[in-house]
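Here's the structure we're looking at; comments come further down.
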Amino acid sequence: DGTSTGGSVRVSAGSGVATGGSVELSSGSGSAGVGGDVTIATGSGSSSSGAVRIATGGGDASGLVSVSSGSSSGASSGSVDVSSGASSGSAAGGIRVSVGTSDVSSGGVSIAGGDVSSGVGGDVTVSAGSVLSGRSGAGGSVAVSAGAGAGGVASIFDHVIATGEPPPAVLQHFAEHGGLPSFAPAAIRNQVNEMASGDCAPPASE
């Protein structure tokens, strides 16, 4: 034990002209039971614990970061849980999922429930935090906003606010590809269904 700073442990693979070496960290298998765990954790501190950073190196194209649970043939597959720690004396930490900037085209963020061959597909739930029972305060908000730009989703929202209806191109998209939100007004839903069945001509573009 050090009186000031503890020692570090560094594990690295060798460099190569074509391909660098890999580092693999895995636990043991259990042929009749449960496989071993792999735990990566930072040390505690009186003021702040250490950070855990997982990142790929740079290059002409950076590498992929993949976090997934294993497949299962006879039971439920494992879950992927991303959460921040609880706090009793201050605010709990946030969770941020964001895409990097680009001079050409930025990547998207997609959240989807799982598909099924039979049964019920997975749900997607977005909810704000509630105030605990018996406590005073205000629940959190859910904000959905689009980025500004000519012809982007933000201009679609502006069109809806100004006219009360989505642009013709949006109606045509839902007629061809489906996916109209369940909360869409009945009049718009009927118009899209008629367009999809060919009973109604696509509206003229604006």
Side-chain angles (χ1 to χ4, degrees), residues 6 8-13 20-30 33-102 104-135 137-148 152-154 157 179 181-183:
S8 300
V9 175
R10 180 178 182 181
V11 179
S12 62
S22 300
V23 175
E24 180 176 344
L25 180 63
S26 62
S27 62
S29 302
V34 180
D37 296 327
V38 174
T39 301
I40 301 176
T42 63
S44 302
S46 59
S47 60
S48 177
S49 64
V52 175
R53 296 182 180 88
I54 301 176
T56 63
D60 290 339
S62 63
L64 169 71
V65 175
S66 176
V67 179
S68 62
S69 64
S71 300
S72 175
S73 57
S76 298
S77 63
S79 300
V80 175
D81 188 0
V82 180
S83 62
S84 64
S87 175
S88 59
S90 185
I95 296 176
R96 180 179 181 183
V97 179
S98 62
V99 177
T101 58
S102 171
V104 181
S105 178
S106 181
V109 175
S110 177
I111 301 176
D115 298 328
V116 293
S117 57
S118 63
V120 180
D123 297 326
V124 174
T125 302
V126 179
S127 60
S130 302
V131 179
L132 297 177
S133 178
R135 303 293 181 90
S141 301
V142 175
V144 179
S145 61
V153 178
F157 286 170
S182 58
F183 53 79

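None of the values given here were measured: they were computed from a predicted structure.
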If you draw a 6.0 Å radius around CD1 in I54, do more than 12 non-hydrogen atoms from other residues or ligands fall strictly inside? no

Please report the closest heavy-atom contact between D37 and S27, naming both atoms and the distance. O-CB, 3.6 Å

Looking only at non-hydrogen atoms, find the nearest pair between S44 and S49 and report the distance. CA-CB, 4.3 Å

T42 side chain vs G50 backbone, donor-acceptor pair below 3.5 Å: yes

Of all heavy-atom pairs linking I95 and V82, the shortest is CD1-O, 3.4 Å

What's the separation between atom OG1 in T39 and atom CG in L25, rounded to the nearest 0.5 Å? 10.0 Å

What's the shortest heavy-atom distance between G140 and A128, and which atoms? O-CB, 3.1 Å

For a quick test of reading the model, state the closest non-hydrogen atom pair linking S72 to A75 and the distance between them. OG-O, 2.7 Å

Would you mind reporting whether V67 and V80 have side-chain heavy atoms less than 4.5 Å apart? yes

Determine whether a donor-acceptor pair (N or O, by modelled atom type, separation under 3.5 Å) exists between the side chain of S102 and the backbone of V104. yes

To check you understand the geometry: which heavy-atom pair defines the closest contact between S69 and G78, and what is its length? OG-O, 2.6 Å

